[in-house]
Amino acid sequence: MASEPVFHRFVEARVIDLPFSQAVEAGGFVFLAGQVPNDPPNDGRPLPGDIEGQTRLAMENLAFVLTPLGLDFSHLVATRIFLTNFARDFDRMNAVYRSYFSKGRLPARTCIGVTALAGGARIEIDAIARRP
């Protein structure tokens with residue numbers, strides 16, 4: 001019999017009181033909620049103005065959720081990236097995104113152009129990790 005999903009909300013993981021879990025574990029996989037480039041403890045702080053800074057902060061927010069689960073970027077098997085200006089930001093986002101992974105260890109990925117994201121963000125990234 002399969003075990004029930006485990007829902008994670010980490011007070012220390014920059015939780016804003018929104019109706020979702022930062023991560024849900026099911027069947028050996030961990031599904032990570034989308035991360036925008038905000039800093040919830042300092043929510044009034046402006047977002048970085050460039051896509052490079054926003055990509056770094058979104059990736060760091062993913063790491064902040066992975067860490068208490070005993071996981072890191074090497075455990076990611078898939079990501080989805082949402083960009084509000086695909087043509088302008090795609091190549092520059094890729095340069096930063098690639099730097100978080102070992103050579104030859106890139107997760108499967110979908111990248112989607114969207115019209116808007118929460119808080120005026122230019123990028124949002126969600127992910128699926130697999131427990132070793």
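- Looking at heavy atoms from C-beta onward, F73 lies out of side-chain contact with R105 at the 4.5 angstrom threshold.
- Here the closest non-hydrogen pair linking Y97 and T79 is OH-OG1, 2.8 Å.
- For the pair I125/N61, no side-chain contact is recorded, criterion being any heavy-atom separation below 4.5 Å from C-beta on.
- Closest approach of L117 to F82, counting heavy atoms only: CD1-O, 3.6 Å.
- Annotation for A121 and T84: closest pair O-CG2, 3.5 Å, computed over non-hydrogen atoms.
- Across D126, V65, L57, I123, a single residue satisfies side-chain contact (heavy atoms from CB on, under 4.5 Å) together with Q35, and that is V65.
- Without hydrogens or angle criteria, Q54 side chain to P48 main chain gives a donor-acceptor distance under 3.5 Å.
- Interatomic distance, I128 CD1 to L32 CG, rounded to the nearest 0.5 Å: 8.5 Å.
- The shortest non-hydrogen separation linking L76 to A129 is CD2-CB, 3.9 Å.
- For CZ of R88, the number of neighbouring non-hydrogen atoms (other residues, nucleotides, ligands) closer than 6.0 Å is greater than 12.
- Here the side chains of N85 and R122 are not in contact, with every heavy-atom distance at 4.5 Å or above.
- Within the 4.5 Å cutoff, no side-chain heavy atoms of Y100 are placed close to those of L62.
- Checked by atom type and distance alone, the side chain of R130 never pairs as donor or acceptor with a backbone atom of G28 at under 3.5 Å.
- Side-chain contact between L66 and H75: absent, with no pair of heavy atoms (C-beta onward) separated by less than 4.5 Å.
- Side-chain contact between M93 and C111 is present, with at least one heavy-atom pair separated by less than 4.5 Å.
- The closest side-chain heavy-atom distance from S21 to H8 is not below 4.5 Å.
- Nearest heavy-atom pair across V24 and P5 is CG1-CB, 4.1 Å.
- Here the side chains of E25 and L69 are in contact, with some heavy-atom distance below 4.5 Å.
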Check your understanding: Run the side-chain contact (heavy atoms from CB on, under 4.5 Å) check on I51 and V96 step by step: do they pass?
Key -> CA-CA 9 Å; I51 193 61; V96 174; over 6 Å; no

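- Ring orientation note: the planes of F90 and F86 are close to parallel, at an angle under 30° on the 30°/60° scale.
- Here the CZ-CZ distance, from F20 to F7, works out to 14.0 Å after rounding to the nearest 0.5 Å.
- Taking every heavy atom of both residues into account, A23 and V30 meet most closely at CB-CG1, 3.9 Å.
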